[in-house]
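Note that ligands are numbered from 1 as they come in the structure, with each ligand's atoms numbered from 1 the same way.
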Amino acid sequence: MQREIPKACRVSRNVGEVFVPKCGWVRFRWSRDLPAKPGMARVTLDRAGRWHVSFPAPQPAVSREPTGAVVGVDRGVRTALVTSDGQHYRAPRISDRDAGRYLALQRKLSRQAKGSRKREKTRQAMARITAKVTDRRKDWAEKASTRLVAGHDLIVFEKLNIQGMSSAPKPRPDPGRPGTFLPNRARAKAGLNKGILTSAWGTLASRAQQKAEASGCTVAYVDPRFTSQQCRACGHTAPENRDGQAVFRCVKCGHEDHADANAAKNILARGLAGQAAPARAPGHGAPRPRKTVKTAAGTTRSAA
Ligand SMILES: [Zn+2]
């Protein structure tokens with residue numbers, strides 16, 4: 001159901017009202033200006049039990065001057081992002097305290113009967129914890145993508161297999177008792193952060209692309225293979241070039257660099273050499289179809 005004028009109005013500085021069919025007028029927190037021609041409102045309930053109303057609007061252009069500046073971006077596990085200029089962007093992580101609480105709730109959840117009310121309560125408590133980090137992570141991705149688009153005419157990402165990267169941590173077998181496994185708390189926390197990071201990468205790339213399209217800047221994707229093992233100075237590619245995690249030292253020419261910065265420079269070089277993979281390759285960087293927000297029957301509604 002879509003009509004020209006949405007039934008939404010401002011009640012006060014911080015409060016708005018939107019007409020939701022079968023619900024009536026619903027108040028909401030007015031967090032930003034409405035677009036000039038607001039379309040169909042979208043009312044959603046997220047996993048943490050929070051309701052949101054949004055009005056579609058075209059992506060506004062980022063204010064920028066074409067400078068000819070180009071940048072390659074390496075998305076790593078330790079620092080979130082390293083650019084070919086050697087800039088590091090660290091994505092927000094879950095705090096130790098929240099990670100501990102989350103993992104405890106996860107164990108509790110595993111003991112609770114499926115479909116029970118108590119299990120649902122536990123799930124919501126878990127979702128509230130992740131929502132906190134997810135919100136910060138989204139905010140971070142918005143700011144980082146704006147900075148990338150504002151400062152560069154060409155942004156090169158490596159095509160990532162994001163699905164494969166956010167796999168669960170490996171179980172650790174108990175040496176004393178074959179067939180059983182040791183608790184793996186540190187790995188579980190690392191797994192949590194990895195999941196948060198990988199989704200931050202996806203958000204960052206798709207937001208960068210949307211902003212780039214609206215602002216006259218180009219986003220390209222290149223083949224990620226061996227970008228971390230290849231020497232930027234002489235091109236020699238070998239796993240031995242990675243002297244530990246943080247340092248890159250070429251075994252052939254002795255070139256030294258920060259490992260992720262070296263990778264970012266390789267990514268940029270590939271982008272400039274025109275080895276770009278199609279920007280809209282399915283599942284890579286292209287904005288993914290919005291996940292259907294799972295709600296109770298009839299809770300995802302469109303206001304006229
Ligand atoms: Zn070299």
For the residue pair H88 and H258, is the inter-centroid distance of their aromatic rings smaller than 6.0 Å?
-> yes

More than 12 non-hydrogen atoms from neighbouring residues, nucleotides or ligands closer than 6.0 Å to CZ on R123, yes or no?
-> yes

Look at atom CZ of R225 and say whether more than 12 heavy atoms of other residues, nucleotides or ligands are closer to it than 6.0 Å.
-> no

Under the 3.5 angstrom rule, does the side chain of N241 hit a backbone N or O of V251 as a donor-acceptor pair?
-> yes

Starting from the Zn ion (ligand 1), count all protein N, O or S atoms within a radius below 2.8 Å.
-> 4

Give the other cluster members for V11, using side-chain heavy-atom distances under 4.5 Å between Ile, Leu, Val, Met, Phe, Trp and Tyr residues; answer none if it is isolated.
-> V15

May I ask you to check whether S145 and K211 show a side-chain donor-acceptor distance below 3.5 Å?
-> yes

